[in-house]
Amino acid sequence: MTTVPFGQLLILPVLLFALGVLGVLARRNLVFILMSIEIMLNAAGLVFIIAGARWGQADGQIMFLLVLTLAAAEVSIGLALIIRIRARLPSLDSDAANLLQG
Amino acid sequence: MNITFYLAATIAVLATVMVITRANGVHALLYLVVSLLAIALVFYSLGAPFAAALEVIVYAGAIMVLFVFVVMMLNLGEIAAVREAQWMAPRIWIGPSILSLILTAQLAYMLVSNEIGNTGRAVVDARAVGLALYGPYLLCVELASMLLLAALVGAYRLAETGRSGVIKGGH
């Protein structure tokens, strides 16, 4: 059994984070923007796990637990906001949300 | 065998590319679930079985269910039935199914050959994580509980409905 090099392990979260950034920048639908944020948070958690595995410590998995909690809280608030926006605006286009007033 | 790590990583990237290029929200969610399952397998091959289980239960389970609920809610309308029939077309679910089957085969192989942590790292099991979590990291648990409570109250207030059942106007 050979060891996968640390640098090769880090390629995966970098790619995933870049894809998440691309999603946020390219998509205008709010649901897709939220999904891309999830992808980015997940990539950050993956880096913690990789670092924890690199040094054989449990701290990485604990930080992943905190990222998971943050993602759950962020998704619940974000989706509630999306439902509110949908009730007031005809579309979920994030460019249309600048018409909100008061 | 390191091939399981590389294969799972490839599936994760492929599925994520499919997520950000789909036009339909439900199709993107299907691929997002596959991507999260692939990342869970990566965790498993990195020697973090507890994190892998949490990834499947919380991310691919709970958070994705929230997304599916909201996407379905937003799509309600007269044409909803027609669109649902379109979602059942084989060309929609065949892609995620193939990727999931590959992941399942990998997981079965890793379980049978007992190859947890097969990227050459030491396995950090759930016991070590629990001891650290409720020892030096106890304050983090408290902070996480406060964060979840704030999210609960915030989501309740944001989605609050009036007596008529419609979502109230904002203040």
Side-chain angles (χ1 to χ4, degrees), chain A residues 1-4 8-9 11-13 15-16 19-20 22-24 26-27 29 31-32 34-36 38-39 42-43 45-46 48-50 52-66 68-77 79-84 86-88 92 100 102, chain B residues 1-2 5-6 9 12-13 16-17 19-20 25 28-29 32 35-36 39 42-43 46-48 50-51 54-55 58-59 62-63 66-67 69-71 73-74 115 117-122 124 128-129 131-133 137 140 143-144 147-148 150-152 154-159 166-167 169-170:
Chain A
M1 178 178 359
T2 55
T3 304
V4 179
Q8 282 189 26
L9 288 178
I11 293 175
L12 174 62
L15 275 178
L16 288 177
L19 285 171
L22 186 66
V24 169
R27 303 304 298 260
N29 189 317
V31 177
F32 279 92
L34 209 54
M35 279 188 218
S36 302
E38 283 305 299
I39 293 169
N42 208 15
L46 183 54
F48 277 121
I49 295 285
I50 289 173
R54 163 72 176 77
W55 282 280
Q57 298 294 318
D59 307 43
Q61 292 190 49
I62 288 167
M63 283 300 150
F64 172 74
L65 264 175
L66 290 178
L68 201 69
T69 315
L70 180 71
E74 175 254 335
V75 153
S76 58
I77 296 288
L79 288 176
L81 278 173
I82 284 178
I83 292 175
R84 287 302 288 262
R86 187 70 180 85
R88 307 195 78 187
L92 279 177
L100 280 178
Chain B
M1 291 249 303
N2 288 328
F5 168 76
Y6 290 117
V13 172
T16 309
V17 169
V19 169
I20 64 171
L29 279 174
L32 189 50
S35 167
L36 294 174
I39 291 173
V42 169
F43 287 174
L46 281 170
F50 184 58
L54 279 182
E55 175 93 5
V58 180
Y59 251 117
I63 295 181
L66 270 183
F67 265 107
F69 271 143
V70 170
V71 169
M73 243 173 92
L74 297 177
E115 275 210 7
N118 61 357
T119 51
R121 315 282 181 202
V124 180
V129 177
L131 281 177
L133 190 60
Y137 283 98
C140 285
L143 285 175
L147 179 67
L148 285 175
L152 174 70
Y156 175 74
R157 174 67 189 90
L158 281 173
V166 294
I167 292 171

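Because only heavy atoms are used, hydrogens play no part in the values below, and waters and symmetry mates are left out as well, while side chains stay in. Naming convention: chains lettered A, B, ... in sequence-line order (proteins, then strands); numbering from 1 in each chain. Keep in mind that what you see is a predicted model, and the values were worked out from it rather than measured.
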Please test A:Ile83 against B:Leu158 for side-chain contact (heavy atoms from CB on, under 4.5 Å), starting from the C-alpha separation and ending with a verdict. CA-CA 9 Å; A:Ile83 292 175; B:Leu158 281 173; over 6 Å; no
Using a 4.5 angstrom heavy-atom cutoff, name the option from [options] with the most pairs to chain B.
options: A:Leu46, A:Thr69, A:Ile49, A:Ile62; result: A:Ile62
options: A:Gly20, A:Gly45, A:Ala58; result: A:Ala58
options: A:Asn42, A:Val31, A:Leu12; result: A:Asn42
options: A:Leu68, A:Ile11, A:Asn29; result: A:Leu68

Can you tell which part of [X] gets under 4.5 Å to a heavy atom of chain B, answering side chain, backbone, both or neither?
X: A:Leu19; value: both
X: A:Asp59; value: both
X: A:Ile39; value: side chain
X: A:Leu15; value: side chain
X: A:Glu74; value: neither
X: A:Leu70; value: both
X: A:Ser76; value: both

Contact winner vs chain A - B:Ala62, B:Ala28, B:Ala151, heavy-atom pairs under 4.5 Å: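 When all of B:Ala62, B:Ala28, B:Ala151 are compared, B:Ala151 has the most.
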Pick from B:Leu29, B:Leu148, B:Val129, B:Val17: which one has the most heavy-atom pairs with chain A under 4.5 Å?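 The answer is B:Val129.
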Are A:Leu65 and B:Tyr137 close enough, and set up right, to give a side-chain contact (heavy atoms from CB on, under 4.5 Å), and what steps lead you there? CA-CA 11 Å; A:Leu65 264 175; B:Tyr137 283 98; over 6 Å; no
Which atom names give the shortest non-hydrogen contact between [X] and [Y], and what distance separates them?
X: A:Arg84; Y: B:Arg157; result: NH1-O, 4.1 Å
X: B:Phe67; Y: A:Leu79; result: N-CD1, 4.0 Å
X: A:Gly23; Y: B:Ile20; result: CA-CG2, 4.0 Å
X: B:Val19; Y: A:Met35; result: CG1-SD, 4.2 Å

Examine distances only and state if a side-chain atom of A:Gln61 and a backbone atom of B:Val124 form a donor-acceptor pair shorter than 3.5 Å.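 Confirmed, A:Gln61 side chain pairs with B:Val124 backbone.
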Atom group of [X] that falls short of 4.5 Å from chain A, counting heavy atoms:
X: B:Phe69; result: neither
X: B:Ile39; result: side chain
X: B:Leu133; result: both

